[in-house]
Amino acid sequence: MKSFHIITFGCQMNEHDSERMTGILEEQGCITSSVVEHADIVILNTCSIREKAEQKFYSELGRLKKLKDTRPGLKIAVAGCIAQQEGANILSRAPYVDMVFGPSDISRLPAMIERKRSWSLPVVDVAGDPDYHRKRIPTTRTDRLKAWVSIMYGCDNYCTYCVVPYLRGRERSRLPLEIVREVRELTRKGYKEVTLLGQNVNSYGKGLEEDTNFPSLLGMVNNVPDIERIRFVTSHPRDLSDGLIATLRDFPKVCESLHLPVQSGSNDILSAMNRRYTREVYLGKIKRLREAVPHITLTTDIIVGFPGEQERDFEMTMDLLEEVQYDGIFAFKYSKRPGTAALKHDGHLSDDIKEKRLAQVLDLQGKITSRNNEKLINSVQEVLVDGLSKKGVTLSGRTRGNKAVNFDAPAHLIGSLVMVRITAAGINSLTGQLCE
Ligand code: 5AD
Ligand code: SF4
């Protein structure tokens with residue numbers, strides 16, 4: 001196997017898994033092919049969080065089949081959540097697939113490729129490696145300044161709409177010293193920012209022998225010299241402790257930005273989702289967060305059209321958006337997922353209703369985001385310059401609150417922290433002027 005190309009669907013976890021697969025394969029002497037048509041092996045790193053992601057994967061697979069028809073030597077591998085969910089079933093739908101493996105099987109990738117060399121049948125390995133979280137995995141990162149660092153895998157929450165706990169398994173935390181070692185190594189390579197990754201970072205440490213938790217891990221990472229910024233995703237509101245709020249307030253490198261998925265503003269729906277917090281508890285935490293860190297950037301996830309969601313439940317979600325005034329949201333139509341409890345709930349809604357509610361939340365949030373961004377005009381923000389703007393004429397970077405800023409400055413500033421005065425604001429980005 002000489003060259004490979006990875007197509008990634010879904011979340012940051014998957015993006016990072018693809019970086020690890022790249023690292024593993026490069027260590028074996030394989031090279032990345034930036035063009036899919038030239039690769040000897042194509043890996044689809046899949047997502048199954050919503051039906052739409054699954055459809056995208058199957059249409060990509062269809063395109064690859066056509067490529068394989070013209071080049072029978074091409075090997076096609078399916079990785080990630082759909083691989084975990086479907087296992088060998090993928091082969092009945094797509095017999096031309098050569099390898100199927102799950103998210104915690106990637107360290108066995110070289111062995112699978114080796115097996116495939118001498119074996120004509122497809123290789124399916126979705127057993128999951130129980131020691132995956134204790135392994136050091138070679139990683140080739142796509143960015144040179146900002147790095148993802150996995151701190152835990154899996155999720156024990158079983159929200160009733162969510163397929164993740166069935167696919168990514170029980171929560172397992174990496175050892176704190178291993179995480180710190182990885183962050184130190186990153187600083188030696190010039191990385192300035194780390195984003196600590198996990199499905200539920202706030203319950204980090206559960207199950208580890210040593211007595212640790214997420215705030216104390218953040219403290220350790222905060223002490224690594226030369227790392228400038230620390231971010232993390234995803235936090236479950238129920239597990240957001242006062243300790244974590246204090247961390248956001250007190251640790252200078254921990255950025256003032258938090259993604260705190262609320263999902264719904266209605267207590268009936270939150271309960272049906274098995275979220276295990278109420279609207280009031282959630283809002284209480286937001287209030288304490290803002291008291292401790294007044295300018296914190298807050299973002300969230302919303303699901304509209306969960307089974308049984310009445311108009312009044314939906315109105316409560318709209319009302320919550322008005323009340324919190326988030327800086328941004330990700331909003332999704334509820335999507336039926338195999339094996340999840342919500343599938344069997346009463347009151348599934350039509351796509352029309354979901355579509356209409358989605359448009360309403362996005363419209364409302366658009367206005368709120370624009371207003372919030374406009375409030376930043378004339379403020380001075382610390383920006384980590386990460387490259388050229390999308391249009392390629394100015395530099396771009398991110399504020400500590402994770403907002404994108406474009407501004408004119410010499411390219412040698414890429415990689416540094418600079419102060420920028422905000423002069424204009426749009427819904428997706430800010431414009432500014434470098435402070436002398
Ligand atoms: N339907 C719609 N959205 C979902 N999410 C998770 N499962 C589903 C589903 N079945 C959303 C949640 C979660 C985000 C990552 O994806 O909002 O926070
Ligand atoms: Fe899914 Fe809920 Fe776990 Fe998030 S916390 S991964 S939504 S089960």
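Every number for a ligand or one of its atoms is a count from 1 in the order of the listing. Values reported hereafter were calculated over all heavy atoms of this structure, with side chains retained and with hydrogens, waters and symmetry mates removed.
- Counting the atoms of ligand 2 from 1 in the order shown, those under 4.0 Å from a heavy atom of Tyr161 are 7 (S).
- Close approach of ligand 1 to Ile303 is summarised as follows: ligand atoms under 4.0 Å from at least one heavy atom of the residue are 3 (N), 4 (C), 5 (N), 12 (C), 17 (O).
- Ring planes of Tyr334 and Phe306: perpendicular class, angle over 60° (limits at 30 and 60°).
- Nearest protein neighbour of atom 2 (C) of ligand 1, counting heavy atoms only, is Lys333 O, 3.3 Å.
- Considering only non-hydrogen protein atoms, atom 15 (C) of ligand 1 sits nearest to Asp301 OD2, 3.8 Å.
- In terms of protein heavy-atom proximity, atom 7 (N) of ligand 1 is closest to Tyr161 CD1, 3.3 Å.
- Using a 4.0 Å heavy-atom cutoff, Lys336 is absent from the residues neighbouring ligand 1.
- Excluding water, every protein N/O/S atom under 2.8 Å from atom 3 (Fe) of ligand 2 is given here by residue and atom: Cys155 SG.
- With a heavy-atom cut-off of 4.0 Å, Arg275 touches ligand 2 through its side chain alone.
- Protein heavy atom in closest approach to atom 1 (N) of ligand 1: Ser335 N, 2.9 Å.
- Taking each of Gln263, His259, Met13, Arg50 in turn, the one with a heavy atom nearest to atom 3 (N) of ligand 1 proves to be Arg50.
- Ser264 and Glu309 are not linked by any side-chain donor-acceptor pair at a separation below 3.5 angstrom, with hydrogens and angles left out of the test.
- Thr234 and Gln199 form no side-chain donor-acceptor contact under 3.5 Å, judged by distance and modelled atom types alone.
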